[in-house]
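See below for the structure under consideration.
Counting convention: from 1, in listed order, for ligands and their atoms alike. Residue numbers run from 1 in the order of the sequence given.
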Amino acid sequence: MPVKITQAKVIVTCPDRNFVTLKIETDEGIYGIGDATLNGRELAVVSYLEDHLIPCLIGRDANQIEDIWQYFYRGAYWRRGPVTMSAIAAVDTALWDIKAKKAKLPLYELLGGKCREGVMVYGHANGQDISETLEEVSKYIELGYKAIRLQTGIPGLKSTYGVSKDKMFYEPADANLPSENIWSTAKYLKHTPKLFDKAREKFGFDHHFLHDIHHRLTPIEAAKFGKSVEDYNLFWMEDPTPAENQEALRLIREHTTTPIAIGEIFNTIYDAKDLIQNQLIDYIRTTVVHAGGISHLRKIAALAELYQVRTGSHGATDLSPVCMGAALHFDISVSNFGIQEYMRHTDKTDDVFPHSYTFKEGMLYPGDVPGHGVDIDEELAAKYPYQPAYLPVNRLEDGTMWSW
Ligand code: EZ4
Ligand code: CO
């Protein structure tokens with residue numbers, strides 16, 4: 001029996017940070033929600049949904065998730081890109097939520113069932129200097145984390161990626177016009193291996209340590225970095241070099257066995273396929289929200305499985321609890337899951353998005369309620385209006401624009 005889509009609306013709220021949420025309602029009274037947040041470009045996705053997708057959704061059969069996906073992807077003529085794919089992702093996630101609620105099953109049951117008990121996550125330890133970062137690592141270890149990302153300030157640079165005043169709730173979108181960071185590759189390459197040297201000296205080798213380079217190095221510099229930290233056994237180095245130039249990864253691979261994770265800014269399987277098929281990465285970091293939803297992410301994971309590439313989905317605070325909930329159902333049901341990033345949301349955010357997922361001893365569990373298990377409290381959401389917020393930009397010391 002068809003389930004008719006009767007209404008769809010976009011909810012924009014800022015409980016400590018901006019989130020864009022799509023809510024799709026049906027004639028059976030069942031609704032579903034999907035995350036459509038694109039950090040620093042939120043309102044472009046709102047318009048894409050309100051002006052272009054929602055009018056085409058009304059009256060369609062909510063059961064036909066794949067057909068609706070194809071309708072919006074192929075049917076638009078203009079394909080791919082973060083705005084388009086975040087909007088399609090929100091529709092897809094909301095429709096999976098509806099289908100699972102209608103079946104009275106947690107979403108992972110429709111995706112083939114659980115492949116594992118829980119989802120290993122990693123948290124973010126960051127500090128102005130090495131000793132501050134190590135203190136943060138201790139806190140994560142006390143909280144039970146098995147995997148931790150380490151970032152630290154660099155002597156001689158006023159600010160850098162991954163380091164903020166607020167520790168547990170690190171938020172990079174910090175100003176109503178972009179703030180500016182200054183970058184020096186030489187200073188970074190000199191300092192960062194010391195962080196991992198001290199961390200292994202202090203904590204040993206029982207925990208997974210990760211690191212995000214945030215697209216800042218050239219291929220040969222990234223190769224050099226990977227080599228310089230091999231003794232510290234990193235779980236991965238993330239975004240070592242901008243991935244528009246995918247051939248560059250071959251050069252890095254030839255020089256280092258430090259595993260590589262890429263994909264948080266990818267939107268489709270086409271962005272990832274060469275890196276996967278040539279085995280130039282070890283982890284693919286595409287997300288439910290920015291890469292076309294559950295349906296498309298599962299296709300990426302299936303391709304990656306053929307090449308022993310595992311998933312390591314992005315999970316920063318700018319992916320809403322709706323995305324996190326959906327991601328956990330994906331993570332628990334794909335065979336080649338690797339790890340899930342998990343930056344905690346603030347209490348204000350969690351209050352607006354009541355959810356069934358829970359954290360215990362370094363793992364997240366999606367919970368067993370029907371659907372993806374995340375809801376939105378619309379009354380509360382309305383109390384926190386949108387506030388413009390940009391991600392920073394990055395310049396070299398001589399003023400040259402660089403990758404943030
Ligand atoms: O810069 O989510 O691995 N995590 C990251 C994040 C991203 C932000 C961008 O919105 O690189 O901190
Ligand atoms: Co990253």
Side-chain angles (χ1 to χ4, degrees), residues 14 16-20 35-45 82-83 85-86 89 121-126 136 147-152 159-175 178-181 183 188 192 208-217 222 225 234-243 259-267 271-272 275 281-291 311-324 327 338-346 349 387-394 402-404:
C14 188
D16 291 329
R17 76 157 349 278
N18 291 314
F19 294 110
V20 177
D35 182 19
T37 309
L38 184 61
N39 206 357
R41 294 292 184 272
E42 294 86 358
L43 300 185
V45 187
V83 175
M85 298 311 289
S86 300
V121 297
Y122 70 91
H124 284 213
N126 68 83
E136 289 305 302
I148 304 153
R149 186 186 95 160
L150 280 66
Q151 307 291 137
T152 192
S159 60
T160 192
Y161 168 76
V163 181
S164 70
K165 282 184 219 92
D166 204 340
K167 296 282 184 254
M168 275 289 167
F169 306 110
Y170 167 62
E171 175 51 64
D174 59 357
S179 56
E180 303 215 352
N181 294 167
W183 177 253
Y188 168 82
T192 310
H208 298 303
F209 288 159
L210 300 80
H211 182 64
D212 192 352
I213 302 171
H214 228 244
H215 324 265
R216 280 146 193 231
L217 302 180
F225 175 81
L234 265 57
F235 189 88
W236 75 37
M237 60 173 171
E238 177 181 329
D239 290 326
T241 195
I260 297 172
I262 293 185
E264 69 180 45
I265 65 171
F266 289 174
N267 317 122
D271 299 324
L275 292 180
I281 54 174
D282 301 282
Y283 296 91
I284 179 70
R285 279 180 51 71
T286 39
T287 63
V288 172
V289 56
H290 298 139
T311 67
S313 291
H314 189 209
T317 35
D318 50 295
L319 291 82
S320 91
V322 179
C323 180
M324 183 56 66
I339 197 167
Q340 168 70 51
E341 183 180 20
Y342 173 47
M343 276 166 82
R344 286 164 185 254
H345 291 107
T346 64
T349 297
Q387 286 177 11
Y390 277 92
L391 292 169
V393 298
N394 202 27
W402 202 245
S403 304
W404 174 67

Pick one: which of Thr346, Thr317, Thr349 meets side-chain hydrogen bond (donor to acceptor under 3.5 Å, both in side chains) with Asp16?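 Option passing the side-chain hydrogen bond (donor to acceptor under 3.5 Å, both in side chains) with Asp16: Thr346.
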
2.8 Å cut-off (strict), protein N, O or S atoms about the Co ion (ligand 2): 3

So do [Y] and [X] actually touch side chain to side chain, heavy atoms under 4.5 Å?
{"X": "His345", "Y": "Phe19", "value": "yes"}
{"X": "Thr37", "Y": "Cys323", "value": "no"}
{"X": "Asn39", "Y": "Arg17", "value": "yes"}
{"X": "Arg285", "Y": "Trp236", "value": "yes"}
{"X": "Asn18", "Y": "Val20", "value": "no"}
{"X": "His290", "Y": "Leu38", "value": "yes"}

Can Glu341 and His124 be said to form a side-chain hydrogen bond (donor to acceptor under 3.5 Å, both in side chains), step by step? CA-CA 9 Å; Glu341 183 180 20; His124 284 213; 2.6 Å; yes

Look at the aromatic rings of Tyr188 and His211 and report parallel, tilted or perpendicular, splitting at 30° and 60°. parallel

Collect the protein residues that have a non-hydrogen atom under 4.0 Å from ligand 1 and hand them over in chain and number order.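 Those residues closer than 4.0 Å to ligand 1 by some heavy atom are Asn39, Arg149, Tyr161, Asp212, His214, Glu238, Glu264, Arg285, His314, Ala316, Asp318, Glu341, Leu391, Trp404.
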
